[in-house]
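For reference, the structure discussed in these notes is given below.
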Amino acid sequence: MKITALVENKSSCELTAVHGLSLYIETERHRLLFDLGPDDTLVKNAAKRGIDLGQVDTVVISHGHFDHGGGLAAFLKVNQGAKIYIQRRAFEKHFSKSMGFIKVPIGLDQKLMEHPQVVLVGGDCRIDEELLLFTTADTSKFHSAANDTLYDEKGPDTFAHEQNLVIFGEKNVLIMGCGHCGVVNILERARAYAPHLCIGGYHLSIPVMKKTVPEAVLEGIAGELQQYDMDFYTCHCTGEDAYAYLARRVKRMKYLSCGEEICV
């Protein structure tokens with residue numbers, strides 16, 4: 001299995017960095033994308049690496065925020081065959097609100113909900129022997145205050161629209177988008193699938209406010225992650241300060257920036 005970060009917040013190579021996430025993954029059975037970034041950056045970066053997005057057969061969009069699914073329209077222009085798996089509730093309206101200011105829309109293009117390539121999912125979904133999508137209902141451990149700025153039409157976001165991916169292989173891989181439900185909660189839910197590797201953001205920073213969650217939360221998360229015999233690659237919304245803190249305490253913690261590859 002080979003995993004390439006095509007969209008991420010940071011880049012030290014020829015690929016363009018942008019706030020968002022998209023991972024291109026080659027497995028024995030699939031050419032797939034996990035998330036699509038905010039715009040057409042995915043398409044441009046894929047071209048720079050010689051990756052033919054027209055050959056992608058499966059797409060997973062982790063949740064209903066534009067920095068993970070805003071690139072859907074651009075992707076559909078270059079791919080007419082892939083199935084795009086997304087929680088039905090991801091197409092509801094989503095907003096960001098901070099410091100009492102007006103709510104800013106951060107959702108997906110609702111017109112694309114009816115596109116024939118889109119597969120709407122309600123909860124867990126076994127795609128095939130290699131791919132499994134799951135949701136996380138218990139979000140009780142180590143709440144991230146970075147989530148408190150996020151809303152849906154009913155009030156504070158519950159992140160029922162968030163899903164995670166397990167890829168089964170010689171070594172099982174767990175992939176999250178923002179981990180809004182909490183990396184500790186998601187890992188506990190995924191324990192039954194015995195992942196050897198965890199990739200994804202932890203949503204521990206608020207960029208517009210330049211704040212990181214309290215140290216007590218970071219310490220609690222680090223303590224939990226230390227108990228797992230696996231490698232961790234984090235990115236995107238974890239935040240540089242939070243990553244630095246966790247990396248000092250979790251020996252097998254690394255950062256995955258734009259253009260970097262992981263071979264499993």
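Only a predicted model underlies this, so the values are computations on that prediction, with no experimental measurement involved.
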(message) Taking NZ in Lys83 as the centre, count heavy atoms belonging to other residues, nucleotides or ligands within less than 6.0 Å. Is the count above 12?
(response) no

(message) Is there a continuous path of hydrophobic side-chain contacts, each under 4.5 Å between heavy atoms, that joins Ile127 to Leu120?
(response) no

(message) When you measure from the side chain of Glu162 to the backbone of His180, do you find a donor-acceptor pair of N or O atoms at a distance under 3.5 Å?
(response) yes

(message) How about CD on Glu170, more than 12 heavy atoms from neighbouring residues, nucleotides or ligands closer than 6.0 Å, or not?
(response) no

(request) For the residue pair His236 and His203, confirm or rule out a side-chain donor-acceptor distance under 3.5 Å. (result) no

(request) May I ask you to check whether Tyr202 and Tyr243 place their ring centres under 6.0 Å from each other? (result) no

(message) Can you confirm whether Thr41 sits close enough to Lys44 that some side-chain heavy atom of one is under 4.5 Å from a side-chain heavy atom of the other?
(response) no

(request) Taking only Lys NZ, Arg NE, NH1 and NH2, and the carboxylate oxygens of Asp or Glu, determine whether Asp231 and Arg252 approach each other closer than 4.0 Å. (result) yes

(message) Using 0.5 Å steps for rounding, measure from the SG atom of Cys263 to the CD1 atom of Ile3.
(response) 8.5 Å

(request) Begin with the C-alpha distance, continue with both residues' side-chain angles, and end with the deciding distance and a verdict on side-chain contact (heavy atoms from CB on, under 4.5 Å) for Phe134 and Gln163. (result) CA-CA 6 Å; Phe134 72 91; Gln163 62 185 359; over 6 Å; no

(request) Flag the pair Asp109 and Lys111 as a salt bridge only when some basic side-chain nitrogen lies within less than 4.0 angstrom of an acidic carboxylate oxygen. (result) yes

(message) Under 6.0 Å between ring centres: does that hold for His161 and His65?
(response) yes

(request) Test side-chain contact (heavy atoms from CB on, under 4.5 Å) on Leu21 and Val7 and set out the steps. (result) CA-CA 5 Å; Leu21 184 66; Val7 177; 5.7 Å; no

(message) Suppose we screen for salt bridge (charged side-chain N to carboxylate O under 4.0 Å, His left out). Which residues come up paired with Arg191, at least two apart in sequence or across chains?
(response) none

(request) Walk me through it: do Glu224 and Lys141 pass the test salt bridge (Lys or Arg N to Asp or Glu O under 4.0 Å)? (result) CA-CA 10 Å; Glu224 293 287 336; Lys141 292 186 177 179; 5.1 Å; no

(request) Please check if the side chain of Arg49 supplies one atom and the backbone of Gly259 the other of a donor-acceptor pair under 3.5 Å. (result) yes

(request) Say whether Phe66 and Met176 are linked into one hydrophobic cluster, either directly or through other cluster members, by side-chain heavy-atom distances under 4.5 angstrom. (result) no

(request) State which residues pass side chain to side chain donor-acceptor pair (under 3.5 Å) with Thr212; sequence neighbours excluded, sorted by chain then number. (result) none

(message) More than 12 heavy atoms of other residues, nucleotides or ligands under 6.0 Å from CD of Glu261: yes or no?
(response) yes

(message) So, taking the atom named CG in Leu204 and the one named OG1 in Thr234, what distance separates them when rounded to the nearest 0.5 Å?
(response) 7.5 Å

(request) Could you verify whether a donor N or O on one side chain and an acceptor N or O on the other, from Thr27 and Glu130, lie under 3.5 Å apart? (result) yes

(request) Count the heavy atoms of every other residue, nucleotide or ligand shown that sit under 6.0 Å from NZ of Lys171, and state whether that count exceeds 12. (result) no

(message) Taking Gly71's backbone N and O only, do any of them form a donor-acceptor pair with Asp39's side chain (distance below 3.5 Å, no angle check)?
(response) no

(request) Assess whether atom CD of Gln80 is packed by more than 12 heavy atoms of other residues, nucleotides or ligands within 6.0 Å. (result) yes

(message) If only side-chain N and O atoms count, and only distance matters, is there a donor-acceptor pair under 3.5 Å linking Asp35 with Ser62?
(response) yes

(message) Minimum heavy-atom separation for Gly37 and Ser22, please, with both atom names.
(response) N-CB, 3.9 Å

(request) Could you state whether Leu42 and Val118 fall into the same hydrophobic cluster, counting links through intermediate Ile, Leu, Val, Met, Phe, Trp or Tyr residues with side-chain heavy atoms under 4.5 angstrom apart? (result) yes

(message) When you measure from the side chain of Gln110 to the backbone of Phe91, do you find a donor-acceptor pair of N or O atoms at a distance under 3.5 Å?
(response) yes

(message) Given 3.5 Å as the limit, does a donor-acceptor pair link the side chain of Asp152 with the main chain of Gly155, or not?
(response) yes

(message) Could you check whether any side-chain N or O of Asn45 sits under 3.5 Å from a backbone N or O of Leu6, counting only pairs where one atom can act as donor and the other as acceptor?
(response) yes

(request) May I ask you to decide if Arg89's main-chain N or O and Gln87's side chain share a donor-acceptor pair within less than 3.5 Å? (result) no

(request) Check whether NZ of the Lys or CZ of the Arg Lys254 lies under 6.0 Å from the centre of the six-membered ring of Phe232 and within 45 degrees of that ring's axis. (result) no

(request) Look only at the side chain of Asn79 and the backbone of Phe75, and say whether a donor-acceptor pair between them is shorter than 3.5 Å. (result) no

(message) Please tell me whether His63 and His94 form a close aromatic pair, meaning their ring centres lie under 6.0 Å apart.
(response) no

(request) Consider only side-chain heavy atoms of I, L, V, M, F, W and Y, link residues closer than 4.5 Å, and tell whether Leu256 and Val60 are in one cluster. (result) yes

(request) Mind checking the CZ-CG spacing from Arg29 to Asp57? Nearest 0.5 Å is all I need. (result) 11.0 Å

(message) So which atom in Ser144 and which in Val213 form the shortest heavy-atom distance, rounded to 0.1 Å?
(response) OG-CG1, 3.4 Å

(request) Nearest 0.5 Å please: distance from the CG atom of Leu165 over to the CG atom of Leu32. (result) 6.5 Å

(request) Would you please test Leu23 and Ile175 for side-chain contact (heavy atoms from CB on, under 4.5 Å) and show each step? (result) CA-CA 9 Å; Leu23 305 177; Ile175 304 181; 3.8 Å; yes

(request) Give the intermediate values and the outcome of side-chain contact (heavy atoms from CB on, under 4.5 Å) for residues His68 and Cys178. (result) CA-CA 9 Å; His68 294 258; Cys178 274; 3.1 Å; yes

(message) Keeping Gln226 on the side-chain end and Lys251 on the backbone end, is there a donor-acceptor pair under 3.5 Å?
(response) no

(message) Using the side chain to side chain donor-acceptor pair (under 3.5 Å) criterion, which residues pair with Thr135? Sequence neighbours excluded.
(response) Asp124

(message) Quick check on the hydrophobic clustering: are Leu112 and Val78 connected, directly or via other members, by side-chain heavy-atom contacts under 4.5 Å?
(response) yes

(message) Can you tell me which residue among Ile262, Leu174, Ile167 is in a side-chain contact (heavy atoms from CB on, under 4.5 Å) with Leu197?
(response) Ile262

(request) Verify, without hydrogens or angle tests, whether Glu260 (side chain) and Ala5 (backbone) share a donor-acceptor contact under 3.5 angstrom. (result) no

(request) Compute whether any side-chain donor of one residue and acceptor of the other, for Tyr245 and Glu219, lie under 3.5 angstrom apart. (result) yes

(message) Pairing donors with acceptors under 3.5 angstrom, does anything connect the side chains of His196 and Asn172?
(response) no

(request) Find the distance between CD (Glu14) and OG (Ser11) and round it off to the nearest 0.5 Å. (result) 7.0 Å

(message) Using 0.5 Å steps for rounding, measure from the CG atom of Leu132 to the SG atom of Cys125.
(response) 8.0 Å

(message) Do Tyr24 and Glu26 pair up side chain to side chain, a donor and an acceptor below 3.5 Å, judged on atom types alone?
(response) yes

